[in-house]
Amino acid sequence: MHALLLKADGFSSTGVPASDLKDVAPFVEHGEVPVPVPGPGQVLIRVRASMVNPSDLSFIQGNYGQPRVKGAPAGFEGVGEVVDGKGFMAARLKGKRVSFVAGPTGSGAWAEYAVADAATVIKLRADIRDEDGAAMIVNPLTAAAMVGMVPPNGAFVASAAASQLGKLMAPLARDTNRRMIALVRRDAPVAALKELGAAHVLNETAPDFDQALAKVLAAEKPKLFLDAVSGAVSARVFNAMGMDARWVVYGKLTPEPPEILEPGKLIFMRKRIEGFWLVTWMRRTGIFGKLSAIRDVQSRFADGRWKTDISARVPLRKAVADLPKALRQTDGKIMIEIGQA
Ligand SMILES: NC(=O)c1ccc[n+]([C@@H]2O[C@H](COP(=O)([O-])OP(=O)(O)OC[C@H]3O[C@@H](n4cnc5c(N)ncnc54)[C@H](OP(=O)(O)O)[C@@H]3O)[C@@H](O)[C@H]2O)c1
């Protein structure tokens, strides 16, 4: 099968933040490898389309917290049909269109075929577009899990809010009576995020950002800061928040280190810093909680309350050459189309 194959093993401490990566050629190459064989409890999926997420761009560089396997297909998330599998659940899924996440040390989604654990794939409703099916797990379930951390009628701050994840969180927050204070770094996405449901949208590069933030924090009193950037601005935002504030780090979109500006606030104001990873949430959430989140995610895509914005489509076999141009557009997701020559 054709695939984009990892060029190196293990980890690397060098690398650039996912949003600054301009070329994947140093890290993956197009090649042909045997179709992977599913193990017990796994399914083999004929992939239709897969996503290029920030986690993929960190992983291929070796700085995602999971070791790479040289020669294995890269790519975490995609959509396709189950064509084979081992075990009871796998047999029931045969012939079904599913969203899937491939394990980081297994055979990935940037390939004509991929393997995934049968227990983790999502059988798709017929009215879900492939574009949404290919991006159904990583960002939507993270949005559902993280917005669910905010108490009803409460407020939260979210950085990098022009991201696909931010665009999912804004309407979900509005629909569930939570108020999102969205931080962006450009003026262009401000109006669209307000339209989607953010209660406030602040440009962190504006000269009066600190004053505007202080005003909104005083009015909304958010206790949660969902942060995908983890840099100097993040540190200022956390410092400006009040008693019991939680800084939840779930991404690292800038190379600059964040600083704890006033450690005394951790001591005397019960402020906390923690991490969020969807994989941990999936492991810790009971089956009914997961099924309910998945049902909600599918119906939001099916009825149009959510949609995946696609900024570029690249054919698998030309992806290494086409990705540099696609990566320059930051207003949506890049989708790899597997069947396209
Ligand atoms: N921990 C988890 O389980 C988990 C799960 C899902 C996603 N994530 C993380 O969530 C984040 C968003 O993912 P996504 O797929 O939604 O991303 P995306 O659609 O590719 O968008 C990335 C966004 O980040 C913004 N950005 C990049 N660098 C920035 C910086 N230095 N300062 C401020 N904003 C910056 C970009 O802003 P512009 O539009 O201005 O360029 C862009 O809007 C990523 O960090 C990803 O790794 C984590």
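Indexing begins at 1, ligand by ligand and atom by atom, following the structure's order. Here the structure is a predicted model, which is why all the values come from computation and not from measurement.
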To the closest 0.5 Å, what do you measure between [atom1] ([X]) and [atom2] ([Y])?
X: I294; Y: S299; atom1: CD1; atom2: OG; result: 12.0 Å
X: K194; Y: H200; atom1: NZ; atom2: NE2; result: 9.5 Å
X: I336; Y: E77; atom1: CD1; atom2: CD; result: 12.0 Å

At what distance is the nearest protein heavy atom to [atom], and which residue and atom is it?
atom: atom 22 (C) of ligand 1; answer: S163 CB, 3.8 Å
atom: atom 13 (O) of ligand 1; answer: P54 CG, 3.7 Å
atom: atom 20 (O) of ligand 1; answer: K333 NZ, 3.5 Å
atom: atom 39 (O) of ligand 1; answer: R186 NH2, 2.8 Å
atom: atom 16 (O) of ligand 1; answer: L165 N, 2.8 Å
atom: atom 24 (O) of ligand 1; answer: L253 CD1, 3.4 Å
atom: atom 28 (N) of ligand 1; answer: S19 OG, 3.2 Å
atom: atom 7 (C) of ligand 1; answer: N139 OD1, 3.3 Å

Chi angles and distances behind the side chain to side chain contact (heavy atoms under 4.5 Å, CB included) call for D331, D309: CA-CA 8 Å; D331 54 349; D309 287 332; over 6 Å; no

Salt bridge check, [Y] against [X]: does any charged N sit closer than 4.0 Å to a carboxylate O?
X: R317; Y: E112; result: yes
X: D210; Y: R236; result: yes
X: E81; Y: R48; result: yes

Hey, which atoms in ligand 1 end up nearer than 4.0 Å to a heavy atom of [X]?
X: A162; value: 39 (O), 43 (O)
X: E204; value: 32 (N), 33 (C)
X: F276; value: 1 (N), 2 (C), 3 (O)
X: T330; value: 39 (O), 41 (O)
X: T254; value: 31 (N)
X: G251; value: 45 (O)
X: L278; value: 2 (C), 3 (O)

Listed partners of R186 passing salt bridge (Lys or Arg N to Asp or Glu O under 4.0 Å), at least two apart: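 If we apply the salt bridge (Lys or Arg N to Asp or Glu O under 4.0 Å) test to R186, skipping adjacent residues, there are no hits.
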
Beyond-backbone contact of F276 with L226, side-chain heavy atoms, under 4.5 angstrom: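 Not in contact.
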
Side-chain touch L44/P36, heavy atoms, less than 4.5 angstrom: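 Yes, at least one pair of side-chain atoms sits under 4.5 Å.
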
Per atom 37 (O) of ligand 1, closest listed option by heavy atom (K252, K167, E256, R185): R185

D117 side chain vs A119 backbone, donor-acceptor pair below 3.5 Å: no

Criterion ring pair (Phe, Tyr, Trp, His ring centres under 6.0 Å) on F76 and Y64, from CA distance to verdict: CA-CA 12 Å; F76 288 143; Y64 185 63; 5.7 Å; yes

Nitrogen or oxygen atoms of A160 and ligand 1 under 3.5 Å apart: no

For ligand 1, the portion of T142 having any non-hydrogen atom under 4.0 Å away: side chain

Per-residue contact class, V138 against ligand 1 - non-hydrogen pairs under 4.0 Å: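 Under 4.0 Å from ligand 1, V138 contributes backbone and side-chain atoms.
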
